[in-house]
Amino acid sequence: MIDTRPIMTDDEFAQAANDTNPDWWTTGESLIHVSSVMKVNGWNSYGHPGHTALTPAQRTLMMWADIVGQVSNGGFIQFCDNYPNALSLAVDAVDALEWPELAERFRRAMTEQASDHRLRQSSNRCR
């Protein structure tokens, strides 16, 4: 098993963990887009053995960054369209953040949008 955690001082970790951009959510991307993670084959493909080699915290941050990016750009529909095989992982990742209000609202949105997504997929197959 490989260690994908970047070697950082406490100050470097604090800086990376608090890295933010104006008008954007804190996602922890500065802890994911590092060479110790990105050198793993399949690190960025949910379900790939390389992705499962990451730590649970890294997988959670990666999913959170993808959720924020997709939903901010095109809404839950875009997220469901782009990550159809990772929807349950998304719910698990939001639950792992231990933010009850977000988790409850996210589950409601995912239930609605994932259901709509499945309907759209099946109707597209019928065309």
Side-chain angles (χ1 to χ4, degrees):
M1 185 153 142
I2 58 173
D3 190 353
T4 58
R5 296 171 297 172
I7 298 171
M8 307 172 115
T9 66
D10 289 347
D11 288 340
E12 290 169 331
F13 177 82
Q15 183 178 358
N18 291 302
D19 184 31
T20 59
N21 293 308
D23 300 321
W24 197 250
W25 290 67
T26 301
T27 61
E29 287 179 89
S30 299
L31 297 169
I32 301 302
H33 296 136
V34 295
S35 62
S36 60
V37 170
M38 295 170 58
K39 71 180 179 186
V40 176
N41 182 36
W43 71 276
N44 59 345
S45 296
Y46 296 107
H48 187 282
H51 178 74
T52 58
L54 303 179
T55 68
Q58 288 170 325
R59 292 191 307 267
T60 296
L61 288 176
M62 186 173 157
M63 179 57 79
W64 177 241
D66 285 340
I67 291 168
V68 168
Q70 295 290 312
V71 172
S72 296
N73 184 39
F76 279 93
I77 291 171
Q78 178 174 308
F79 179 76
C80 291
D81 285 347
N82 290 342
Y83 295 91
N85 298 323
L87 300 181
S88 64
L89 294 174
V91 172
D92 292 344
V94 171
D95 285 346
L97 296 173
E98 296 186 7
W99 184 356
E101 298 86 1
L102 174 66
E104 189 270 328
R105 289 181 175 115
F106 187 79
R107 280 181 179 276
R108 277 194 314 210
M110 288 302 292
T111 299
E112 175 186 310
Q113 295 303 320
S115 295
D116 288 349
H117 174 74
R118 284 190 296 273
L119 290 173
R120 280 196 318 279
Q121 280 186 322
S122 63
S123 68
N124 288 339
R125 282 189 215 118
C126 295
R127 291 181 187 170

What I want to find out is whether Arg108 reaches Glu112 closely enough, with some N-O distance under 4.0 Å, to be called a salt bridge. no
I'd like to check His48 versus Asn41 (side-chain heavy atoms, cut-off strictly below 4.5 Å). Are they in contact? yes
Minimum heavy-atom distance Gln78-Asn73, with the two atoms named: NE2-ND2, 3.1 Å
Step by step, would you call Gln70 with Cys80 a side-chain contact (heavy atoms from CB on, under 4.5 Å)? CA-CA 9 Å; Gln70 295 290 312; Cys80 291; over 6 Å; no
Listed by chain and number, what are the ring-ring contact (aromatic ring centres under 6.0 Å, His included) partners of Phe106, not counting sequence neighbours? Phe76
Only one of Asp66, Asn85, Thr52 passes side chain to side chain donor-acceptor pair (under 3.5 Å) with Tyr46; say which it is. Asp66
Hey, what do you get for CG (Asp3) to CG (Leu54), rounding to the nearest 0.5 Å? 11.0 Å
From His33 NE2 over to Leu61 CG, what is the distance, rounded to the nearest 0.5 angstrom? 10.5 Å
Trp43 backbone acceptor or donor facing His51 side chain under 3.5 Å: yes
Are the side chain of Gln58 and the backbone of Val37 linked by a donor-acceptor contact shorter than 3.5 Å? no
Contacts under 3.5 angstrom, residues 87-99 side chains, donor-acceptor by atom type, not counting sequence neighbours:
| from | atom 1 | to | atom 2 | distance (Å) |
| --- | --- | --- | --- | --- |
| Asp95 | OD2 | Arg107 | NH2 | 2.5 |

Does anything in residues 49-64 form a salt bridge (charged side-chain N to carboxylate O under 4.0 Å, His left out)? List the pairs, not counting sequence neighbours. none
